[in-house]
Amino acid sequence: MADYVEEREFTLRLQVRCTFPAEYEGDEDGYQWAATLPSLTAEVVQAALKALKSHSEWAIRPANRGRSAEDEVTLVLERVMQD
């Protein structure tokens with residue numbers, strides 16, 4: 001017999017922006033303003049993992065939704081209830 005599974009979802013979304021002067025022509029710098037973004041987002045993910053791992057009743061695993069890890073990271077947080 002299959003287990004009964006309930007789900008909830010929590011989203012932490014970072015919308016990253018940079019404001020330029022009015023005379024800026026757009027994409028002139030090849031998005032150099034965002035060069036540190038991969039290391040910054042990696043730090044955010046590591047901080048989330050550290051916080052989640054401090055709760056031993058939960059298991060954490062990554063999930064792939066078909067998007068690049070540069071664009072999205074999905075973590076599945078699972079808890080098994082005992083009879």
Side-chain angles (χ1 to χ4, degrees):
M1 189 162 123
D3 293 335
Y4 177 77
V5 177
E6 293 181 341
E7 290 187 13
R8 300 228 12 201
E9 190 170 300
F10 171 80
T11 303
L12 170 62
R13 181 181 307 273
L14 300 176
Q15 190 167 355
V16 184
R17 296 179 179 177
C18 183
T19 303
F20 294 92
E23 62 274 5
Y24 184 74
E25 295 293 325
D27 200 19
E28 292 175 353
D29 67 351
Y31 290 98
Q32 285 301 306
W33 64 268
T36 60
L37 190 56
S39 63
L40 175 61
T41 55
E43 285 182 49
V44 170
V45 170
Q46 289 302 314
L49 285 169
K50 181 179 178 183
L52 295 171
K53 287 178 181 179
S54 71
H55 298 273
S56 61
E57 69 273 21
W58 294 94
I60 307 154
R61 66 176 174 82
N64 183 332
R65 293 183 35 183
R67 296 193 61 185
S68 164
E70 290 183 5
D71 295 328
E72 179 178 301
V73 172
T74 300
L75 301 174
V76 176
L77 194 58
E78 295 179 303
R79 185 172 182 180
V80 176
M81 301 302 292
Q82 302 298 327
D83 292 331

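Computed from heavy atoms alone, side chains included, the values below leave out hydrogens, waters and symmetry copies.
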For this session: State which residues pass salt bridge (charged side-chain N to carboxylate O under 4.0 Å, His left out) with R61; sequence neighbours excluded, sorted by chain then number.
Result: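 Per chain and number, R61 pairs via salt bridge (charged side-chain N to carboxylate O under 4.0 Å, His left out) with E78.
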Exercise. Does L12 share a hydrophobic cluster with L75, counting links as ILVMFWY side-chain heavy atoms below 4.5 Å and allowing steps through other members?
Worked result: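 Different hydrophobic clusters.
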Exercise. Who pairs with Q32 by side chain to side chain contact (heavy atoms under 4.5 Å, CB included), at least two apart in sequence or on another chain?
Worked result: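 Side chain to side chain contact (heavy atoms under 4.5 Å, CB included) list for Q32, sorted by chain: D29, A35.
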Exercise. Taking the inter-plane angle between the rings of Y24 and F20 on a 0 to 90° scale, is it parallel (under 30°), tilted (30 to 60°) or perpendicular (over 60°)?
Worked result: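 Rings of Y24 and F20: parallel, under 30°.
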Please list every donor-acceptor pair under 3.5 Å in which a side-chain atom of residues 38-53 meets a protein atom from a residue at least two apart or in another chain.
| residue | atom | partner | partner atom | Å |
| --- | --- | --- | --- | --- |
| S39 | OG | T36 | O | 2.9 |
| T41 | OG1 | L37 | O | 3.1 |
| T41 | OG1 | P38 | O | 3.1 |

Exercise. Got a sec, which pairs hit salt bridge (Lys or Arg N to Asp or Glu O under 4.0 Å) with one end in residues 2-11, sequence neighbours left out?
Worked result: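 Counting only pairs at least two positions apart or across chains, no salt bridge (Lys or Arg N to Asp or Glu O under 4.0 Å) contact touches residues 2-11.
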Exercise. Who pairs with R13 by side chain to side chain donor-acceptor pair (under 3.5 Å), at least two apart in sequence or on another chain?
Worked result: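 Not a single residue meets the side chain to side chain donor-acceptor pair (under 3.5 Å) criterion with R13.
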For this session: Go through the structure and list residues passing side chain to side chain contact (heavy atoms under 4.5 Å, CB included) with E57, not counting sequence neighbours.
Result: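 Checked E57 against side chain to side chain contact (heavy atoms under 4.5 Å, CB included); matches are H55, R79.
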